[in-house]
Structures are given as C-alpha cells and as structure tokens.
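Sequence lines set the chain letters: A, B, ... in the order given, protein chains first and strands last, and positions in each chain run from 1. Values below: all heavy atoms of this structure, side chains included; hydrogens, waters and symmetry mates excluded. All of these numbers come straight from a predicted model, not from anything done at the bench.
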There are 2 protein chains.
Amino acid sequence: MALSCPTGQHDKHDVYAAQCPCRGVLDLLANKWTALAIGALEEGPLRFGELQRQLEGVSPKVLTQTLRRLEEAGFVDRTIYPAVPLHVEYNLTELGHGVAEPLGALRSWVERNLDRINA
Amino acid sequence: MALSCPTGQHDKHDVYAAQCPCRGVLDLLANKWTALAIGALEEGPLRFGELQRQLEGVSPKVLTQTLRRLEEAGFVDRTIYPAVPLHVEYNLTELGHGVAEPLGALRSWVERNLDRINA
DNA sequence: CGGGATCCCATATGATACTG
DNA sequence: CAGTATCATATGGGATCCCG
C-alpha cells in the first residue's frame, strides 16, 4: 500500500509530513461525528432532524458544523425545499459515497474485532 | 455493509447510538495522530524518536499519549531494551496490522481523490 | 423545521524545559 | 534516549434560547 503522499513532497519515510494536503482530509474525518454522519447518509438522504435523531446526542450546533464541513469538502449535498415548515435534505454526493466505502470497511473491521480489542 | 452495531442494542436506523462500544474504538481513531502512527508502524517497528521524526510536528507529550492509547487498545506493543542509552521499540500487534489495513485503504482512497475534494 | 447566536467547559494539542 | 512535568492555547463539543 502506498504510504507516501501523492504530491511527492515527502519520501517514504515521512509517511506523510504534517503539511501534506492529505492531512486535511484525514483531519476532517478525525472528529466525533463525521464518520457517523456519513454512515447515516449512506442509505439515503436525510433531513436535519432525522440525522440528529440517528446520531443520538449531537447538538444542533455541532451537527451543523459537521455538515458544513462535509459540504465544503464535497462529500455532502444540501437541498432546500422551500415550504412551510422548512424542508432541507442532506445527501451523499458521488464523492461522499466514495469515502463511505473505505469508511464502512473500517467500521466493519471494528465491529468484527470488538471482542479482541481491550482484551 | 453492516451499519448496525454487533451488540444488537440498536436497530438499523440508529447507525450506532452514541453508547455503542463501537464508538469507543472509532473515537480512538478520531484524532490527529493515531492513524498516522499506525501507518508509520506498518512497515516495521520504530523507536520513539524515529516515530516522532516521521510524524513531523508531534510533541513528545502527545506522541506518548497516542502510543499509550494504542497500547491499551491492543494495537501496539512496547518493548524495552535495557541499555544505555535507553532503547524502546514500538511495534504493531497482529490486531494493529488488522486495523492498519482498512485504515490504509481509507488513506489510499483519500490520496486517489485528493484532486476531487474541495473542487 | 432548520438552524444561528451565545456562553461555557472538557479535552486535544503544542512549546518548552527537565529528568532517569 | 525516552519520556514526564508544566503551562498555555485552540478547538470541539454541548446546553440553551431564539428566530425566520
């Protein structure tokens, strides 16, 4: 597996230096809700409230933050249906489904090995 | 892919509730250095100083924290060679190599799609 | 309903200096 | 060399209240 950064800025012994753009994306995933949000959206679009209920415990502020970051990265798509009451849908983009896959693989591994961890 | 928690505590609409043990492991990975440290150790054991240099930017305190957590989870193995000067080696356990795989897949995906992100 | 605005706290992260 | 001790700061996360 390639450990070196595709930008070629670092040699193989760097793994990746902190300044590598890869880091930004990795950091994006490195927080409490991002991975879960992506997982939740994998099976279809969800509204703000639905997401909040599924993530159980996330505050509206933090959920908004998370979703905005995902939007910025291009993983999530936000659609507003002007109506009363307001209807907003969040949706994984193609790119979003892309990350969802290796992310899901990671979750699967964790689930399969839960018993071996902390033993 | 299985989204539901293996403990069966939650239904499929939960993705996973915050209390699911899966969360703990996910949270373990959800920080700045853990994934990188695992990546660095994938090709062989490293000493504290070597790791610190490869991770470029991590302070000794934080690196210690990271490694201790990985040890506790059973992903990393710490071997002390009593000598002067002191020699300590960090090593991925079999379990550690296990996570390294899906983790590497995630990194690979990120590398392959760097240009599409933030576009 | 879907957030934005605030306030506050816990923790992660960092820089630096020091020690067995 | 491999950390530990300390101090300082940034950020994330959470609770609440409010508004279009």
Side-chain angles (χ1 to χ4, degrees), chain A residues 15-20 23-38 40-41 44-73 76-91, chain B residues 15-20 23-38 40-41 44-73 76-91:
Chain A
V15 180
Y16 346 35
Q19 294 68 28
C20 173
R23 275 309 306 271
V25 182
L26 246 33
D27 286 345
L28 174 68
L29 280 320
N31 69 64
K32 193 166 177 180
W33 302 106
T34 302
L36 295 174
I38 292 178
L41 289 170
L46 289 174
R47 303 178 57 174
F48 189 90
E50 297 173 325
L51 253 172
Q52 185 172 19
R53 255 166 279 125
Q54 291 202 19
L55 267 39
E56 189 176 317
V58 70
S59 70
K61 186 189 98 175
V62 174
L63 181 54
T64 300
Q65 280 180 15
T66 303
L67 289 170
R68 294 281 183 278
R69 276 187 291 224
L70 286 173
E71 241 188 295
E72 232 191 287
V76 164
D77 185 353
R78 182 165 173 264
T79 311
I80 307 178
Y81 297 95
V84 179
L86 202 50
H87 185 110
V88 178
E89 261 187 20
Y90 293 92
N91 214 311
Chain B
V15 180
Y16 349 30
Q19 294 68 29
C20 173
R23 275 308 308 267
V25 182
L26 246 32
D27 285 345
L28 173 68
L29 280 318
N31 69 65
K32 193 167 178 180
W33 302 105
T34 302
L36 294 174
I38 292 177
L41 289 170
L46 288 175
R47 304 179 58 174
F48 188 90
E50 296 173 325
L51 253 171
Q52 185 174 16
R53 253 166 280 127
Q54 291 203 19
L55 267 42
E56 188 176 317
V58 69
S59 70
K61 187 188 95 178
V62 173
L63 181 55
T64 300
Q65 280 179 12
T66 303
L67 289 169
R68 293 281 183 279
R69 274 187 294 225
L70 286 173
E71 239 187 297
E72 229 191 289
V76 163
D77 185 353
R78 181 166 173 266
T79 310
I80 308 179
Y81 297 95
V84 179
L86 202 48
H87 184 111
V88 178
E89 259 187 22
Y90 292 92
N91 214 311

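- Atom pair A:L63:CG and C:dG4:P shows a separation of 11 Å (rounding to whole Å applied).
- For A:Y90, no side-chain nitrogen or oxygen approaches OP1 or OP2 of C:dC1 to under 4.0 Å.
- Closest approach of A:E56 to A:W33, counting heavy atoms only: O-CH2, 4.0 Å.
- In this structure B:Q65 satisfies the side-chain contact (heavy atoms from CB on, under 4.5 Å) test together with B:K61, B:R69, sequence neighbours excluded.
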Contact state string [nucleotides 8-16 of chain D, B base, S sugar-phosphate only, - no protein heavy atom under 4.0 Å]: ----SBBB-

Audit row: A:L41, A:N91, side-chain contact (heavy atoms from CB on, under 4.5 Å) steps and yes/no: CA-CA 6 Å; A:L41 289 170; A:N91 214 311; over 6 Å; no

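- One interatomic measurement links the two molecules: CZ of B:R53 to C1' of D:dA2, which rounds to 12 Å at whole-angstrom precision.
- For the pair A:L46 CG and C:dG2 C1', the interatomic distance rounds to 14 Å; values are reported in whole Å.
- Atom-to-atom, CD of B:E56 to P of C:dT13 comes out at 17 Å; the value is rounded to the nearest Å.
- Within the 4.0 Å cut-off from OP1 or OP2 of D:dC1, not a single side-chain nitrogen or oxygen of B:R47 is found.
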Pair B:L63-B:L51, side-chain contact (heavy atoms from CB on, under 4.5 Å): steps then yes or no: CA-CA 8 Å; B:L63 181 55; B:L51 253 171; 4.2 Å; yes

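- Proximity of B:T66 to B:L55: side-chain heavy atoms (C-beta onward) are nowhere separated by under 4.5 Å.
- In this structure, A:Y81 and A:L86 have side chains that are not in contact, with every pair of non-hydrogen atoms separated by 4.5 Å or more.
- Scored by the side-chain contact (heavy atoms from CB on, under 4.5 Å) test, B:R78 finds B:R68, B:E71, B:I80, B:V88, B:Y90 as partners (sequence neighbours excluded).
- Between the CG atom of B:L28 and the P atom of C:dA12 there is a distance of 11 Å, given to the nearest Å.
- Among residues two or more places apart in sequence or in another chain, the side-chain contact (heavy atoms from CB on, under 4.5 Å) test is passed with B:E50 by B:L46, B:R47, B:R53.
- The backbone N or O of A:V58 lies less than 3.5 Å from a partner atom in the side chain of A:Q52, making a donor-acceptor pair.
- What separates CD of A:E89 from P of C:dG2 is a distance of 10 Å, to the nearest Å.
- Atom CG of B:L29 is separated from atom C1' of C:dA12 by 16 Å (rounded to the nearest Å).
- Near DNA chain D, meaning a heavy atom under 4.0 Å away, the residues from residues 76-85 of chain B are B:R78, B:P85.
- A:A73 meets the side-chain contact (heavy atoms from CB on, under 4.5 Å) test with A:L28, A:F75, B:I117; sequence neighbours excluded.
- Listed by chain and number, the residues in a side chain to side chain donor-acceptor pair (under 3.5 Å) with B:N31 are B:T34 (sequence neighbours excluded).
- Residue order along DNA chain C, read from the 5' end via each residue's closest nucleotide, puts A:R68 first among B:L86 and A:R68.
- Across the helix from C:dC1-D:dG20 to C:dG20-D:dC1, the helix axis at one end is tilted relative to the axis at the other end by 50° (nearest 10 degrees, each axis from five pairs).
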